K.L.:
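Just dropping this structure here.
Treat the numbers as computed from the prediction; the structure is a model and nothing was measured. Chain naming here is simple, since letters A, B, ... match the order of the sequence lines and numbering starts at 1 in each.
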Amino acid sequence: MMSASFGRRARLTHKADYQHVFAQSNRSGDRYFTVLARRNELGYPRLGLAVSRKVAKSAVIRNRVKRIVRESFRHAQEQLNSFDVVVIGRPQTGTCSNEALFASLRQHWARLATWAKS
RNA sequence: GGAGUUGGCUGGACAGCCGCCGCCCCGCGCGGAGGAAAGUCCGGGCUCCGCAGGACAAGGUGCCAGGUAAUGCCUGGGGGGCGCGAGCCCACGGAAAGUGCCACAGAAAACAUACCGCCCAAGUCCCCAGUGGACCGGUAAGGGUGAAAAGGUGCGGUAAGAGCGCACCGCGUUGCCGGUAACGGUAACGGCACGGUAAACCCCACCUGGAGCAAGACCAAAUAGGGGAGUAACAACGUGUGGUCCGCACGACUCCCGGGUAGGUCGCUACAGGCGUAUGGUGACAUACGUCGCAGAUGAAUGGCUGUCCCAGACAGAACCCGGCUUAUAGGCCAACUCCUUUC
C-alpha cells in the first residue's frame, strides 16, 4: 500500500459504515474535533467526515476543514492501521487557523496509535 | 490637473514536492468552481401525473411599441420628478360602476360649512332723523386650522361679494392635425361639474394545470402481496398528487407477468453554447460563415506544504440545465461622456 495516497477505498462510503462506527467506538475529543474509531478487518484505515452546517454556515469554510482533515489523515494513515475513523467537526473548528487544526489532528492520531497497540 | 456620470474587463504570479475526481489512444497524457457557483425572487427547457378540457376560486402583472423559448427581463419611445450637466429615479391602467377610509386640529373634510369677519342695497321696526341703531337677511374677498377648505392670477363688477363677466393659465368635452401606439399640438365650446386614497376592497385587460432530478427510467438481496393488457359498465357509492365543482380514469370479468426496499447503473452535461467576422436594425437582437470543446462529483473531487516576488490577495464553493433579477465583493485596469480649472 502506498504510504501517502488516499483513494476511494480509504473512505467510508455508505451510511451503514457510519452507523457501524457510531454504534460502538473509542472516542478522542478536544475543542476542535471529536474522533470516533472502531477496529475493522481490512488491514488498512478508512476515514469518514461529518462536518455539518453547525460547524460553519459558509460552504467555503466547511470545505477547508474537510480538506485539512483528509490531508492530515493521508499523511498519518501508516500509524493507524485497521481502524474505521469518523471525524466530527465542532463549532469552534471553522474559526481557527490551518496550523492549529493540523496540530490538533496529530494528537488524535497519536492517541489512536496507542489504542492500536493495546 | 480636479470633481463626476455611464458601460465593460480582471478577481495574486511563478517553481518544487505530496495528493484528489473524470476521460481516453493508459502516458508521469489531457481537463477540473464563480462573477456572483449565493438568495431561490421570476421565466423557460426536461420528467412524471388524469395529456392538460369547462366553470368558479386563488395568485401575479399593469404607459406604448419592439426583442426573446419565455418573463415581472432587456431595448427604444411617451409622460412625471431630480440634477448646472453627462445622466439618474418612477407599483406610470381605472376615483362621473359601487363600497369604505380621511387621525389631530378646525366652524366646516364632500348633499360642504360660517368661528373671527365683511355688508346694510331691497324689506320691517326704533329714535336724538343721520355717513344712526336693531331685526330679517346677503356674503365667503381677508384671518385662523389643516397634508388638503370646492379652480389660480389679474382686471371689471358689487352694499359687500361671488366664473357674476372678461383675459391668460389649469381642468373637462368635441373636432382637426402629427404619430403604429403611449402621447403631443391646435381650435371651438363649457363655466368648474371631477378633493385624496386602488402596495383599501373593487372594476378592466392580460397571464398561470400540479409537482419536481430525492423528477423519472433500468438492474436487482430482504420483506409484503401486487402490477400490466383486453372486454363490459359508467346509476349510486368509493378510490385518485390539482384549492373546489363538473368532466375524466379506475372498481366487475378474462388473460398475462414474480415483485422492487437496501445497493448499483442511467438521467448527467453539446447546447435557446462560447469566440471571431460580415450583413440588417437607432437599439435589445436576428441571420450567415468560420472556429473552439469548456467540471460532472454522489459522504460528495478541484487541495496541502515549502520557497521567491508584488500593490500582500475581497465576496465567496458547481450538485439537472439555461435566461434574468436581487444581494455580497479588497484592490487594479480600460473606454465614452459631463462640469470646473490651468496652459497654449
K.L.:
Using both distances under 3.5 Å as the test, list the Watson-Crick or G-U wobble partner of B:C253, or none.
P.N.:
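Here B:C253 is engaged in a pair, and the nucleotide opposite it is B:G230.
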K.L.:
Between the base of B:G317 and the side chain of A:R67, is there a donor-acceptor distance below 3.5 Å?
P.N.:
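Side chain to base: pair present.
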K.L.:
Now, which nucleotide makes the Watson-Crick or G-U wobble pair with B:C268, with each of the two distances under 3.5 Å?
P.N.:
none
K.L.:
Suppose we define a pair by two distances each less than 3.5 Å, Watson-Crick or G-U wobble; what does B:C164 pair with here?
P.N.:
B:G156
K.L.:
If I pick the P atom on B:A110 and the same atom on B:A103, what distance separates them, to the nearest angstrom?
P.N.:
9 Å
K.L.:
To the nearest 0.5 angstrom, please state how far the OG1 atom of A:T34 sits from the NE2 atom of A:H108.
P.N.:
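Going from the OG1 atom of A:T34 to the NE2 atom of A:H108 covers 7.5 Å.
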K.L.:
Between A:N98 and A:A59, just flag the one whose closest nucleotide in RNA chain B comes earlier from the 5' side.
P.N.:
A:N98
K.L.:
Is any side-chain heavy atom of A:L49 closer than 4.5 Å to one of A:R70?
P.N.:
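When only atoms from C-beta onward are counted, A:L49 and A:R70 do touch, with a gap below 4.5 Å.
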K.L.:
Is a donor-acceptor contact shorter than 3.5 angstrom present between the side chain of A:R74 and the base of B:C18?
P.N.:
yes
K.L.:
Grab the CZ-P distance between A:R64 and B:A300 for me, whole Å please.
P.N.:
19 Å
K.L.:
Roughly, in whole Å, what's the span from CD in A:E71 to C1' in B:C305?
P.N.:
8 Å
K.L.:
Judged by atom type as modelled, is there a donor-acceptor pair below 3.5 Å linking the side chain of A:Q107 to the main-chain atoms of A:S104?
P.N.:
no
K.L.:
Any idea which of B:C305, B:A33, B:C20 is nearest the A:F102 side chain?
P.N.:
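Output: B:C305.
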K.L.:
Say you pick atom P in B:U71 and the same atom in B:G43; how far apart are they, in whole Å?
P.N.:
10 Å
K.L.:
So, is B:G35 syn or anti if syn means the angle is within 90° of 0?
P.N.:
syn
K.L.:
With a 3.5 Å limit on both atom pairs, tell me what B:G59 is paired to, counting Watson-Crick and G-U wobble, or say none.
P.N.:
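Across all strands, the one nucleotide that pairs with B:G59 is B:C207.
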K.L.:
Working to the nearest 0.5 angstrom, can you tell me the gap between A:D84 CG and A:L12 CG?
P.N.:
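CG of A:L12 is found 5.0 Å from CG of A:D84.
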K.L.:
Can you tell me the pairing partner of B:G76 across any strand shown, Watson-Crick or G-U wobble, with both distances under 3.5 angstrom?
P.N.:
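Partner of B:G76: B:C64.
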K.L.:
Syn or anti for B:G163? Use the chi torsion, O4'-C1'-N9-C4 for purines and O4'-C1'-N1-C2 for pyrimidines, with syn inside 90° of 0.
P.N.:
syn
K.L.:
Expressed as a whole number of angstroms, how long is the span from A:R62:CZ to B:A319:C1'?
P.N.:
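Going from A:R62 (CZ) to B:A319 (C1'), I get 13 Å.
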K.L.:
Could you work out the separation of B:A55 and B:G34 based on their C1' atoms and round it to a whole Å?
P.N.:
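49 Å, rounded to whole Å.
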K.L.:
Is there a Watson-Crick or G-U wobble partner for B:C248 with both distances under 3.5 Å, and which nucleotide is it?
P.N.:
B:G240
K.L.:
What's the CZ-C1' distance between A:R11 and B:G303, to the nearest Å?
P.N.:
12 Å
K.L.:
For nucleotides B:C41 and B:G60, find the distance between their P atoms and express it as a whole number of Å.
P.N.:
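The answer is 14 Å between these two P atoms.
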K.L.:
Distance-only, no hydrogens or angles: does the A:R62 side chain make a donor-acceptor pair with backbone N or O of A:K57 under 3.5 Å?
P.N.:
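At least one qualifying donor-acceptor pair exists.
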K.L.:
If anything within 90° of 0 is syn and all else is anti, what is B:A187?
P.N.:
anti
K.L.:
Between B:A300, B:C305, B:C18, which nucleotide has the shortest distance from any of its atoms to the side chain of A:L49?
P.N.:
B:A300
K.L.:
Considering Watson-Crick and G-U wobble pairs with both distances under 3.5 Å, what does B:A297 pair with?
P.N.:
none
K.L.:
Under a 3.5 Å distance rule, please check whether A:S72 uses its side chain to pair with a backbone N or O of A:V69 as donor and acceptor.
P.N.:
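Between the backbone of A:V69 and the side chain of A:S72 there is no qualifying donor-acceptor contact (under 3.5 Å).
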K.L.:
Quick one: on RNA chain B, does A:S58 or A:E99 contact a more 5' nucleotide (nearest heavy atom)?
P.N.:
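Whichever sits nearer the 5' end wins; that is A:E99.
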K.L.:
Checking side-chain polar atoms at under 3.5 Å, does A:N40 have a donor or acceptor matched by the opposite partner on A:H20?
P.N.:
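No, because no side-chain N or O of A:N40 sits under 3.5 Å from a partner of the opposite role on A:H20.
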K.L.:
Round to the nearest Å and state the distance from A:H20 atom NE2 to B:G299 atom P.
P.N.:
18 Å
K.L.:
For A:Q19 and B:A262, what is the distance between atoms CD and C1' respectively, to the nearest whole Å?
P.N.:
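From A:Q19 CD to B:A262 C1': 13 Å.
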K.L.:
Can you check the distance between B:A217 and B:C255, where both ends of the measurement are the C1' atom (answer in whole Å)?
P.N.:
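After rounding to an integer number of Å, I get 27 Å for this pair.
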K.L.:
Can you check the distance between B:A297 and B:G307, where both ends of the measurement are the C1' atom (answer in whole Å)?
P.N.:
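Roughly 33 Å separates the two C1' atoms.
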K.L.:
Report the distance from atom CG of A:L105 to atom P of B:G304, rounded to the nearest whole Å.
P.N.:
15 Å
K.L.:
Would you call B:C101 syn or anti, using the 90° rule around 0?
P.N.:
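Anti conformation here, the glycosidic angle of B:C101 being more than 90° from 0.
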K.L.:
In this structure, how many angstroms lie between the P atom of B:G317 and the NZ atom of A:K66, rounded?
P.N.:
12 Å
K.L.:
Do the side-chain N and O atoms of A:N26 and A:R111 include a donor-acceptor pair separated by under 3.5 angstrom?
P.N.:
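Note: A:N26 and A:R111 side chains miss the donor-acceptor criterion.
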K.L.:
Only pairs with both distances under 3.5 Å count, Watson-Crick or wobble alike; so what is the partner of B:U40 in this structure?
P.N.:
none
K.L.:
In whole Å, measure the gap between the C1' atoms of B:C322 and B:U308 for me.
P.N.:
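Taking atom C1' in both B:C322 and B:U308, they lie 44 Å apart.
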K.L.:
When the P atoms of B:A198 and B:U5 are considered, how many whole Å apart are they?
P.N.:
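To the nearest whole Å, 33 Å.
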